[in-house]
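What follows is a single structure, written as structure tokens, with notes after it.
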Amino acid sequence: MPVIVLEARDFASPLFLVRTWEVLSSCTTFSLVASLEPSELTKDSFYNQQLSKFKIFCMFAWCFFFTLTLLIHILSVIQFHSLIPISWKNLTVTVAGLGALMCLSASVVFPWIIMEHERMWPRPMTAAVASCLTFLAYTSESYILRTQAHEQRGYMGSMPGLLKILQLWGGCQMIVLVVDAQHGSEVHSLLLWVSRVAYGICVLMSLVTLVVILGDFAGRCFLPFDRFLAGFSLTGVLLYVVATVICFTKILQLRERTKIGQNNSNESAELDIMETVVASITLLAYTVDLAFSIKLLCDRNHA
């Protein structure tokens with residue numbers, strides 16, 4: 001089979017240019033961060049304990065989406081994407097949307113937790129700027145794909161599809177925040193494990209949904225796909241209600257923890273607030289998604 005390459009005018013298209021921008025900026029970002037010296041990293045005693053997992057998270061976000069974008073870019077140029085047994089239009093929208101959200105998180109976490117604040121080193125500052133540019137690049141691609149015709153952007157380009165991307169992003173953030181959280185009392189330990197189980201189940205449901213959509217397996221499900229999605233959305237709402245209540249419980253305990261003079265209370269409070277904000281956003285995404293699923297079921301029953 002001959003290789004079909006894009007025409008010359010396609011190399012000046014907005015989609016080609018923005019993907020090139022994504023590849024270059026993400027490569028620049030993780031290369032700079034990988035070369036940082038210990039003196040250029042945070043000296044804060046609390047954040048220094050959390051440094052490893054947050055740095056791994058940021059590096060994973062930049063490297064993973066760099067790899068995916070590069071593969072998409074190459075397959076688009078040589079026009080081999082039709083040979084891949086996945087939904088190409090759903091894949092590109094998913095990578096662009098999830099890449100924008102993950103790079104946004106990395107762009108917040110890196111200067112806040114990983115960078116040294118007492119002295120502004122050139123490499124960390126450049127890496128932070130490059131990460132923000134990567135986020136803008138993925139956001140631009142998401143906008144370009146969203147403005148295409150409905151037949152070209154697929155299910156993941158619709159509002160329910162974007163909500164599922166937001167749900168997966170929220171689950172990934174929560175796992176990073178609670179995976180290495182410190183245990184306190186037995187009650188706190190139990191609540192922490194409840195949160196971990198809830199986040200893990202929701203991430204697993206999001207991944208299953210994504211695999212079904214990208215692989216075009218909706219027709220092979222033992223249940224109608226719309227009921228399948230409605231069940232997952234309802235389960236996600238219930239689990240995130242529990243997790244969000246636990247998060248707000250932590251916030252209400254911050255004053256008490258400060259009064260008894262626990263070390264690093266300010267920094268741990270910031271992570272608790274971050275967890276609460278992300279949990280609330282993800283709960284909202286599941287709630288709106290459930291409303292879309294119920295509306296779809298009602299419309300089909302009346303049709």
Side-chain angles (χ1 to χ4, degrees), residues 44-61 64 98 101-102 105-106 108-109 112-114 163-211 228-287 289-290:
D44 186 278
S45 58
F46 177 79
Y47 286 145
N48 201 40
Q49 299 173 4
Q50 312 287 327
L51 182 63
S52 178
K53 71 173 182 180
F54 283 114
K55 187 177 180 181
I56 290 173
F57 166 75
C58 292
M59 289 294 289
F60 171 80
F64 180 72
L98 191 57
L101 292 171
M102 293 292 281
S105 299
V108 173
V109 168
W112 176 20
I113 297 178
I114 300 176
L163 288 171
K164 288 171 177 56
I165 293 174
L166 184 60
Q167 294 162 12
L168 180 57
W169 166 80
C172 293
Q173 311 308 302
M174 304 310 279
I175 288 178
V176 173
L177 288 170
V178 303
V179 68
D180 198 26
Q182 297 178 352
H183 296 272
S185 62
E186 292 184 4
V187 175
H188 182 269
S189 178
L190 177 62
L191 294 178
L192 184 60
W193 276 107
V194 170
S195 300
R196 287 173 175 171
V197 171
Y199 300 145
I201 292 174
C202 290
V203 169
L204 182 60
M205 291 192 304
S206 297
L207 290 175
V208 170
T209 303
L210 196 60
V211 170
F228 175 80
L229 294 179
F232 272 11
S233 298
L234 177 59
T235 305
V237 168
L238 296 177
L239 290 175
Y240 264 94
V241 165
V242 174
T244 305
V245 169
I246 293 175
C247 289
F248 277 103
T249 302
K250 294 179 186 178
I251 297 298
L252 294 176
Q253 293 174 344
L254 290 179
R255 181 177 297 179
E256 179 182 351
R257 291 162 57 186
T258 303
K259 286 182 179 179
I260 62 178
Q262 287 187 352
N263 292 330
N264 304 321
S265 59
N266 291 333
E267 290 84 355
S268 60
E270 291 175 357
L271 295 183
D272 288 339
I273 293 172
M274 180 192 293
E275 182 184 351
T276 304
V277 170
V278 176
S280 301
I281 293 173
T282 312
L283 174 60
L284 179 61
Y286 273 106
T287 305
D289 191 25
L290 178 61

Test item: Thr209 and Gln167 side chains (from C-beta on) under 4.5 Å apart, heavy atoms: no

Any Phe54 side-chain heavy atom under 4.5 Å of Leu177 side chain: yes

Heavy-atom side-chain proximity of Gln173 to Glu275 below 4.5 angstrom: no

Rounded distance (nearest 0.5 Å) linking atom SG of Cys247 with atom NZ of Lys250: 5.5 Å

Working for side-chain contact (heavy atoms from CB on, under 4.5 Å), residues Tyr286 and Ser206: CA-CA 11 Å; Tyr286 273 106; Ser206 297; 3.4 Å; yes

Reported CG-to-OG1 distance for the pair Leu271 and Thr276, which is rounded to 0.5 angstrom: 10.5 Å

Donor-acceptor under 3.5 Å (Lys164 side chain, Leu210 main chain): no

Audit row: Leu168, Cys172, side-chain contact (heavy atoms from CB on, under 4.5 Å) steps and yes/no: CA-CA 6 Å; Leu168 180 57; Cys172 293; 4.3 Å; yes

Gap between atom CH2 of Trp193 and atom CG of Leu190 - 0.5 Å precision: 11.0 Å

Donor-acceptor pairs under 3.5 angstrom involving side-chain atoms of residues 236-244: please list them, not counting sequence neighbours.
residue: Thr244; atom: OG1; partner: Tyr240; partner atom: O; Å: 2.5

Aromatic plane relationship, Phe60 with Phe64 - under 30° parallel, 30 to 60° tilted, over 60° perpendicular: parallel

Heavy-atom closest contact (Ile175 atom, Val203 atom, distance): CD1-CG2, 3.6 Å

Separation between OG1 of Thr287 and CG of Leu163, rounded to the nearest 0.5 Å: 10.0 Å

Non-hydrogen atoms of Phe57 and Ala106 that approach each other most closely: CE2-N, 4.3 Å

Exercise: identify the closest heavy-atom pair between Met174 and Val278: SD-CG1, 3.4 Å

For the student: nearest non-hydrogen atoms of Cys58 and Val109, plus distance: SG-CG1, 3.9 Å

With Thr282 via side-chain hydrogen bond (donor to acceptor under 3.5 Å, both in side chains) - residues at least two apart: none

